[in-house]
There are 2 protein chains.
Amino acid sequence: MNLQSKKNKKELNPNVSVDCVIFGFDLDQLYVLLIDSGSTEAFSQARMAVPGDLIFDTENLDEAAIRVLRELTSIENIYLEQIGAFGDPNRIGKKDSDREWLEAIRAQPEARVITVAYYSLVRMPNFNPKASSFAKSAGWAPVKEVFDLAFDHYDILQAGLEQLRRKIKIQPIGFNLLPEKFTLSQLHKLYECILDKELDKRNFRRKILNLNILTNLDEKQIGVPHKPSQLFEFNEENYKKLSKEGFDNFGF
Amino acid sequence: MNLQSKKNKKELNPNVSVDCVIFGFDLDQLYVLLIDSGSTEAFSQARMAVPGDLIFDTENLDEAAIRVLRELTSIENIYLEQIGAFGDPNRIGKKDSDREWLEAIRAQPEARVITVAYYSLVRMPNFNPKASSFAKSAGWAPVKEVFDLAFDHYDILQAGLEQLRRKIKIQPIGFNLLPEKFTLSQLHKLYECILDKELDKRNFRRKILNLNILTNLDEKQIGVPHKPSQLFEFNEENYKKLSKEGFDNFGF
DNA sequence: GCAAAAGTGTTAACTGTACACCCATGA
DNA sequence: TCATGGGTGTACAGTTAACACTTTTGC
C-alpha cells in the first residue's frame with residue numbers, strides 16, 4: 001500500500017495488490033525497505049509495511065511490482081522475483097492500526113484483497129526515495145531487527161527471505177545487492193548475512209571462483225588500513241553460458 | 001473454471017480464481033487431470049483446462065483450492081502446494097473458445113481475473129470424478145501428450161511440472177502418487193517419469209533406503225510372472241524426524 | 001611495529017557414479 | 001526351461017570440509 005491520494009483509486013482493481021520485499025545490503029548487514037503509515041498510534045513496527053499497491057486492470061503482476069518499485073526507488077532494471085500469493089480473508093485489517101491505514105489509502109477499505117508478493121534486490125546506495133510520495137515514510141530496517149509488521153507483511157517478509165536463501169544457493173543473484181565493483185570478502189560477507197551462518201573463507205573463494213562468473217579487474221582497494229583487496233565484477237556472459245549448461249548448486 | 005451453473009456466482013469474487021494442476025501416476029506414466037469445456041468447437045486440447053474456480057470472499061486461497069479438488073475427486077487430505085500467481089491482463093479470453101467458455105460459466109465474463117495456481121498429487125485409483133458436475137468432462141491426460149490448453153493453462157501446467165521436479169529432489173512427496181503399499185521399482189519408475197530421465201537402479205535404491213523413511217512390510221507381490229518384489233510403505237514418523245534435522249538433497 | 005583484513009593449499013572424509021550378474025516366480 | 005523383472009556390491013572420481021600462516025597496507 002503506498003500513500004497516493006484516494007482520488008485515482010477508481011482505476012485500481014479493488015481485490016488484487018502487489019507487495020514488494022525490497023532487500024538491500026550495506027556491506028555489513030541485510031536490510032529491508034519499509035514504509036510507515038504515520039498513523040496516530042504510538043510508533044511501532046506494526047505501523048510499518050513493505051511497499052505495495054492495488055494493481056491496474058491494464059498491467060500484469062510483474063508490471064505492477066515494477067511500478068511500485070519505480071515509485072519508490074526511481075531505479076529501472078531491478079532484480080525481481082515472485083514469492084507467491086497471500087490471501088487469507090483477514091490478512092489485512094486484523095489490527096486497529098491496519099484498519100486506520102486502509103481507510104486512509106483505499107477507496108474500498110473493506111474489500112477482500114489478495115496480494116501477490118515479490119522480492120527484489122537493489123544496490124542500497126543507488127536507492128533514492130522520492131520525497132514527494134514517501135517523505136519521512138520510507139526507510140531501511142535491518143532484517144534481523146524486524147519482528148512485526150502491519151497486515152500479514154511479517155509473513156511475507158519471512159517468505160521472501162526463505163526464497164532468497166533457497167535461490168542464492170543455486171543462482172548468483174547476490175550481485176544485485178553489491179556495488180558493480182566488489183571484493184570477494186564483500187561477497188563472502190553477503191552470503192553469510194543472507195544464509196545467517198559462517199562460511200569457510202578459503203572454501204567460499206574457491207567455489208565462487210571456480211564458477212568463472214567473476215572478472216578480476218586488476219584493481220585494488222585504496223585507502224584501507226590493511227592489505228588492499230582485488231576488485232571483481234560479475235561477468236554476465238560467462239554466467240549465461242553457465243546457466244545454459246545448467247548448474248545445480250553452489251554447495252553452501 | 002468448473003462447470004457449476006451461473007446462479008450462485010454472485011458470492012464469488014470476480015477478480016481472483018484458483019486453478020489446480022492435479023497429477024496422477026498409473027505406475028507407467030504421469031497424468032494430469034483436465035476438464036473439457038464441451039464447447040461447440042472441434043475437439044482439441046485448446047478446449048481443455050485444469051480445474052479451477054473463482055474464490056469466495058470467505059475462504060482463503062488454500063481452502064478454495066481444496067474446495068475445487070473436493071468437488072472433483074471427493075478426496076480429502078490431498079497433497080497441495082501453491083505454484084504462484086498468474087495475472088496477465090489477457091491471460092484468459094485470447095482464443096474464441098476461451099471467450100465462449102467464459103460466457104458459459106462466469107457472471108462477469110469480461111472481468112480481469114488473476115489466478116493462483118496450485119499443484120496436487122493424488123492416487124489415481126482413488127480418484128472418483130463426480131458424475132453430477134463433471135460427467136464426461138473430466139479425465140486424465142498423459143502429461144507428455146499435452147501441448148496446448150485453454151487460457152494460460154499450458155503455462156500453468158509447465159510451472160507446476162517444474163516445481164514438482166524441483167521439490168521431489170528435496171522432499172519425498174512422491175508417495176502421494178503411489179498406492180500405500182508399493183515396491184521400490186514403482187518408486188524408481190515414478191522418479192524417472194517425473195524427472196524425465198533414467199536413474200541407475202542400484203544407486204536409486206541405496207539413496208532412498210538410506211533416508212530411512214521406508215518401512216519394509218515383509219510382504220511380497222503375488223501373481224507376478226517374475227521374482228516378486230518386497231512391498232514398502234512410507235514411514236511418516238521417521239520422515240518428520242528427518243525433516244527437522246534438515247536434509248537438502250536426494251541427489252538425483 | 002602493530003593492527004587489520006587479504007590471500008593462499010593440502011588432506012581426509014564423504015558422496016556420486018558406473019557397472020554385471022544371480023534369483024524367484026509364472027507360464 | 002524360459003522370460004521377466006527383483007535384488008545385490010565394489011571401485012574410482014569428484015566434491016566437500018576442516019584447518020593456519022604469510023602478506024600488505026595505514027596509522
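These numbers were taken from a predicted model, which means no experiment stands behind them. Lettering of chains follows the sequences in order, A, B, ..., and the numbering in each one begins at 1. Basis for what follows: all heavy atoms, side chains included, without hydrogens, waters or symmetry-related copies.
In this entry the distance linking NZ of A:Lys189 with P of C:dA6 reads 11 Å, nearest Å. B:Phe204 places its CZ atom 13 Å from the P atom of D:dG7, with the value rounded to the nearest Å. Note: CG (B:Leu199) to P (C:dT15) measures 19 Å, nearest angstrom. Atoms CG (B:Leu211) and C1' (C:dT15) sit 13 Å apart, rounded to a whole Å. As rounded to whole Å, 14 Å separates atom C1' of C:dG9 from atom CG of A:Leu209. Atom CZ in A:Arg205 sits roughly 17 Å away from atom C1' in D:dA18 (whole-Å rounding).
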| task | Could you walk me through whether B:Glu192 and B:Lys197 pass the salt bridge (charged side-chain N to carboxylate O under 4.0 Å, His left out) test, one step at a time? | result | CA-CA 5 Å; B:Glu192 290 188 328; B:Lys197 70 174 181 190; over 6 Å; no
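Listed for the B:His188 side chain is a donor-acceptor partner under 3.5 Å among the backbone atoms of B:Leu199.
Inter-axis angle, ends of the helix from C:dG1-D:dC27 to C:dA27-D:dT1, five pairs per end, rounded to 10 degrees: 0°.
For the OP1/OP2 pair of C:dT15 and a distance below 4.0 Å, the side-chain nitrogens and oxygens of B:Lys207 include no atom meeting the criterion. Applying the 4.0 Å criterion to OP1 and OP2 of C:dG7, one finds that A:Ser229 has a side-chain N or O inside that range. Close to C:dA5, at under 4.0 Å from its OP1 or OP2, lies no side-chain N or O of A:Ser185.
The side chain to side chain donor-acceptor pair (under 3.5 Å) test applied to A:Asp62 returns A:Tyr118, not counting sequence neighbours. Legend: residues meeting side chain to side chain contact (heavy atoms under 4.5 Å, CB included) with B:Thr183, ordered by chain and number and at least two apart, are B:Ser185, B:Gln186, B:Gln221, B:Ser229, B:Leu231. Annotation: side chain to side chain donor-acceptor pair (under 3.5 Å) contacts of A:Asp200 (sequence neighbours excluded): A:Asn203. The side chain to side chain donor-acceptor pair (under 3.5 Å) search around B:Glu180 returns none, not counting sequence neighbours. In this structure A:Lys220 satisfies the side chain to side chain donor-acceptor pair (under 3.5 Å) test with no other residue, sequence neighbours excluded.
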| Base versus backbone protein contacts along nucleotides 19-27 of chain D [heavy-atom cut-off under 4.0 Å; B, S, -] | BB--BBBS-
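Residues in residues 142-166 of chain A take part in these salt bridge (Lys or Arg N to Asp or Glu O under 4.0 Å) pairs, two or more places apart or across chains: A:Arg91-A:Asp152, A:Lys95-A:Asp148, A:Lys144-A:Asp196. Listed by first and then second residue, the ring pair (Phe, Tyr, Trp, His ring centres under 6.0 Å) pairs involving residues 156-183 of chain A are A:Phe175-A:Phe182, A:Phe175-A:Phe234 (not counting sequence neighbours).
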